[in-house]
Amino acid sequence: MWNTVALRSLGRLHPNATPPQLPRLQTLNHVFERKYKDLCHSKLPALVLQNQGLKRTRDMLCCRLVSNKAKYRRCAKTYPVLDGRILSVYRHVFEENLRNSEAVIKRYSELLETVSKGGGENAILRHTQRNKKLFVRERLKLLLDDESFLELSPLAGLEMPYGDVPAAGCLTGIGKICGVWCVFMANDATVKGGTIYPIGVKKQLRAQEIAMQNRLLSVYLVDSGGAFLPLQSELFPDKSHGGRLFYNEAIMSAMRIPQVAVVCGSCVAGGAYVPTMAEEAVIIDKIGTLFLAGPPLVKAATGEYVSPEDLGGAKLHSEVSGCSDHFASSEKEAYECIRNVISTLNYDPLPEQVIEHDSPLYSSDELLGLAPRDYRCSLPVKLILSRLMDGSRFQEFKANYGTTLVTGFGHVQGHLVGIVANNGELTHDASLKGSHFVQLCSQRSIPILFFQNTAPHTAEPTSISQAEAHSNRLKAQASMMAAVACAAVPKITIVVGGCYGSESYVMCGRSFSPNFLFLWPNARVALVDSRHFSTVPQAGDNDCTGDELELKHLKEKLEEESSAFYSSARLWDDGVILPQNTRKVIAQCLEIVEQQKYGVVSPCQYPVIRM
Ligand code: COA
């Protein structure tokens, strides 16, 4: 995260200073931008600027913008170009990887197709025809500026022990509203009435965590029957269960991260707290209802029939209870209203600076052949980097030392980034180099991209000297872990191959809280690699002893549990992305994390408490 520590380390903040009130670049309006461009071209003295009524902070920011661009022109174009040619010696591995990528991408497309249908055809018909509501993806079209949003963990909830819960019953992601990047959380009521499953809670908590870490304002589209009752024990009592969502809403508000809600369906029980804890809420006539217990429970308890409208409809909550702040007579009106509300939050859009950049010199389609089928099929990681970096240019750091880790600087769509990429086992030297480099990035406030392909196993030591080497490596890896954990800059991890064991922590795995973590569909995530259990009998072999059979089952279980889809279903990542889309996703994430640099950071206060 860009934070006080980072600013202090850059000398931009006095050690005793209060948390920074960063100047708001977004207050630059078009007129001003035009003026500053004219100024840059004509090289008018600063005095003229003052005469034109422009404030000092703005002058400084302009200089920063200009100097950033100038810096890019001066330096990036001179970074050495990587040689990304696939040599003939790599061809057979490349072909093998390609075949594997095509198979896993086919599976990925099938899963996405399943998810796009929500709770299925009948449920969609019930939702749209009988209940007269818009399908959740239609709602997002009305809410967001455009369709180029970043959807998070769409495969979450598939093939869970309690069945398939498409998209975990709730779409989450980051999209632009009125030009500002916002996190959205939208229940899909076609999935069991939008009720919340344990995986749905986890998905929404992760979205809130992203909002907090990146200081993104949040929008809830609530259409939920509350807790999925058969799983109540996994939803209610513990710290990271359902109640945490409401706790977070208060904390986020106190952190000055605004949250707004649209009641676009049933909000029963737990579902009712989401809009009532939000800072501002809109409710839709005839569609939105909000109550702790619905009409069936009232009937059971009192014998009295009451309509949902009378019990907790839009009129009641807008005119009597005050639980809602705006009444909308249709869905369309509600999304227009919430967009207007967002425009009052005083979050101006990011400056629209088009950073000039070059495309990589090599085709991103070839990443499919570079995505390792298994660890033994890994090709030099610079072949991957040459397909992701602007102009395939890369300023390598310590090129000849600890070569099993590649470190250096490059640009992705004009954004300067530090790269840390596995290129073999994380040896002692490689880890020391990683530590050093991560600290450099932190000192310089440069976001770090981790390309993870960790080794599934390390050879057991067979001598004293090897044991010594192991313990030295352990110490070096621990130092890199500390550097990664404490680096006060945005971190994005892409698992391009293996995510195995402790080396995955060093490479900013999930428990090291990267701002975003994505997997390629070929990725394998496990403590150990099942494919290295060589003593296990082959499938179909019936002459197994008890121990062998157990081992065989263990291997099969490990194999199944290591896939990228298994991981993503459980939210161990923020989603599976196609290798050829990696550059676009990274650029989007970098833009999203950039937004907080322009936000006003203020000390923790009280949340907005609804009166
Ligand atoms: N737990 C488990 N399943 C639930 C559920 C709950 N709280 N609420 C609804 N469902 C299931 C229904 O059994 C139904 O399952 P099916 O498709 O397998 O038949 C599905 O969700 C859709 O429910 P349905 O009532 O047919 O849809 P609807 O759109 O007409 O109404 C609700 C949706 C949420 C308004 C309505 O189901 C309701 O009021 N549910 C009870 C909510 C409640 O009291 N929650 C308390 C939680 S503490």
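First listed ligand is number 1; within each ligand, the first listed atom is number 1.
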Student check: side-chain heavy atoms of E594 and W181 closer than 4.5 Å:
no
Would Q208 and N248 count as a side-chain hydrogen bond (donor to acceptor under 3.5 Å, both in side chains) if you check the C-alpha gap in whole Å, the side-chain angles of each, and the deciding distance to 0.1 Å?
CA-CA 7 Å; Q208 286 183 327; N248 281 349; 2.8 Å; yes
Could you go through ligand 1 and note, for every N or O atom, any protein N or O atom closer than 3.5 angstrom, writing the atom names and distance to 0.1 Å, or 'none'?
unit_1: ligand 1; atom_1: 1 (N); unit_2: L229; atom_2: N; d: 3.1
unit_1: ligand 1; atom_1: 7 (N); unit_2: A227; atom_2: O; d: 3.0
unit_1: ligand 1; atom_1: 18 (O); unit_2: K192; atom_2: NZ; d: 2.6
unit_1: ligand 1; atom_1: 29 (O); unit_2: N131; atom_2: ND2; d: 2.9
unit_1: ligand 1; atom_1: 30 (O); unit_2: R130; atom_2: NH2; d: 2.4
unit_1: ligand 1; atom_1: 45 (N); unit_2: G225; atom_2: O; d: 2.9

Is there a side-chain contact between F516 and V593 in this structure, where contact means two heavy atoms from C-beta onward sitting under 4.5 Å apart?
yes
So the ring pair (Phe, Tyr, Trp, His ring centres under 6.0 Å) pairs with at least one residue in residues 257-305 (sequence neighbours excluded) are F246-Y273
Are any side-chain N or O atoms of R373 and backbone N or O atoms of N100, one a donor and one an acceptor, separated by less than 3.5 Å?
no
Is a side-chain donor or acceptor of Q452 paired with a backbone partner of M507 at a separation under 3.5 angstrom?
yes
